[in-house]
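Inspection log for the structure reproduced underneath, given as structure tokens.
Given the structure is predicted, the values throughout are model-derived calculations rather than measurements. In the text below, chain A, chain B and the rest are named by the order of the sequence lines, each starting its count at 1. Basis for what follows: all heavy atoms, side chains included, without hydrogens, waters or symmetry-related copies.
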Amino acid sequence: MKAQSDEPLSLVLLGGSSGSFTIFEEILKILKNPVPYALVFIIHRRKDSTAVLPEIFRNKTNIAMKEPIHLELVQPNHIYFGYPDYHLLIGPDGRFYYDCSEKDFFSRPSIDATFISASLSGIPVKAAMLFSGSSADGAFGIKLIAQKGFPTYVQDPAYADSPRMPAEAIRQYDNHHVLLEKGFYKMIREVLY
Amino acid sequence: MVIIEYSELEMLIVRVREISGFDFSGYAKPSLLRSTSRYLTKHAMNLKELFVYIEQGGRAVYDLIQELTVNYSEMFRDPDYFKKVKTEVFNYLDSYPALRFWVAGCASGEEAFSMAILLKEAGLQDKSLIYATDLSNKVLTAAREGVFTLGNIRTFSENYLQAAGTGSLSDYYHVAYNRAVIAPELRKNIIFSLHDLTGDGVFNEFQFISCRNVMIYFSLELRQKVFRLLYDSLSLLGFLCLGKRETLRYSGIEQNFKIIDSELNIYQKIK
Ligand SMILES: C[S@@+](CC[C@H](N)C(=O)[O-])C[C@H]1O[C@@H](n2cnc3c(N)ncnc32)[C@H](O)[C@@H]1O
């Protein structure tokens, strides 16, 4: 594990809403300790959601999962989840920041808040992905990440449970890699390993 | 969405300081970057136009400062927290002849009104005074008026019920012209005043201080300074409450407190 800490931090960012939960589960199953990057999952949640995602997903992967605390350092080989009713920002100092300002697209946490902050943080993004969801959240953020020259992946809207989110991402920027239904998880595995 | 980089934000911070004296340099940069972006987007401006705009000084720069500090709030935000305060803290405070509460960073009064209701329902209202302070005159003016939209009130009512309120939130406001006005009866124990946590000092001693979702916008260093101020303002065995996603970690005063609830961030000063 020593070797890893010498590698500069990089981020894998995943966003989704309705219809993305099972996709997140499947991706977690692909992930095996250790990985050289930090993963951040943002899924829309109701503010009174009491579900603790690291608990729910506990059996899916052996990588450490958490809802970070405010100002916690982002670390490689960790999986982080957003917390209900707060945006989760990533700072240029490599720390997480919670923010309770207005919702984006009726969502807090929003995918845009996290993606935009990550794209401005100066921390390299190994991959950003956007999946099924019924709002336009995330489209702008993933576009910014792509424009910074980082690889971005969007689920094929034709096969998403809720096509609005990936469709809007492609509408705003048509150079994302599209994750087709055929070989969907195989492709994701290749991106991650 | 208008996007700016951190280097541009730094230039803005310097210019705002030169024009107004207000210093954002101790604020959490990621949140400030987000709110600056939102400000520019809302006013359909780019950064260059913003620089020109604030050169006028006065109102323009003052408005900017207020809009860049996040003042979103709700009554009974995090209902579990209020429930906990009632069950774990009030029984302890019961024995005091007089009580002083400080709601630091009170926004438009939502949290102070919630405390007032909680105290009233616990039978503690008559011996309690709530000092509610904020940096922004704009939100304090709103707080003194105590007027909310009916949409706001709907959310507040749901929170109130989840916080195990003993009546109905409508007991505490009346509706006029499609707005809800907080009952004067509730406001009589609340003193709203201007106070800058980063510049002003201790002004009283309190048995209870809540500073929720305020320091989340400060840098590590500024946070430590403000924690010191809160510590100095708290009587021995008094309570300190923080927002749900905050902690005493990295505060510099953690060793002086006992944890009452680590999830809801309720602490008691023990030395
Ligand atoms: C997000 S609101 C929190 C309101 C309420 N405590 C809650 O938890 O819902 C943050 C408030 O802190 C105030 N604030 C920001 N900087 C401050 C400072 N230096 N001194 C006092 N108040 C400040 C803002 O004006 C804003 O009203």
Honestly, the part of B/N71 sitting under 4.5 Å from a heavy atom of chain A is neither
Under 4.5 Å heavy-atom distance to chain A, tell me which part of B/I4 shows up: side chain, backbone, both or neither. backbone
Regarding B/S31 and A/D99, is there a side-chain donor-to-acceptor distance under 3.5 Å anywhere? yes
Taking the six-membered ring for Trp and the single ring otherwise, decide whether the centroids of B/F22 and B/F24 are under 6.0 Å apart. yes
Chain A heavy atoms under 4.5 Å from B/T247: which part of the residue, side chain, backbone, both or neither? side chain
Highest number of heavy-atom pairs under 4.5 Å with chain A among B/R249, B/E158, B/K244 belongs to B/K244
Heavy-atom distances under 4.5 Å only: say whether B/R34 touches chain A with side chain, backbone, both or neither. side chain
Closer than 4.0 angstrom, basic N to acidic O: yes or no for B/K42 and B/E67? yes
Contact origin within B/S7 toward chain A - heavy atom pairs under 4.5 Å: neither
Ring centres under 6.0 angstrom apart (A/F184, A/Y153): no
Chain B contacts, top residue of A/Y97, A/F140, A/Y83 (heavy-atom pairs, under 4.5 Å): A/Y83
Using a cut-off of under 4.5 Å for heavy-atom pairs, which of A/I116, A/D112, A/D104 has the most such pairs with chain B? A/D104
Please classify the contact of A/L89 with chain B as side chain, backbone, both or neither, using a heavy-atom distance under 4.5 Å. side chain
Region of B/L33 in contact with chain A, defined by heavy-atom distances below 4.5 Å: side chain
For each of A/C100, A/S117, A/G91, tally heavy-atom pairs with chain B at distances under 4.5 Å, and name the one with the top tally. A/C100
If I take atom CD1 from residue A/I63 and atom CZ from residue A/F57, how far apart are they, to the nearest 0.5 angstrom? 14.0 Å
I'd like to know whether CZ of B/R17 has more than 12 heavy-atom contacts from other residues, nucleotides or ligands below 6.0 angstrom. yes
Check whether more than 12 heavy atoms from other residues, nucleotides or ligands sit under 6.0 Å from atom CZ of B/F51, and answer yes or no. yes
Tell me, side chain or backbone of A/K143 under 4.5 Å from chain B's heavy atoms, or both, or neither? neither
Side chain to side chain contact (heavy atoms under 4.5 Å, CB included) partner of B/L135, the single match among B/L197, B/D196, B/T198: B/D196
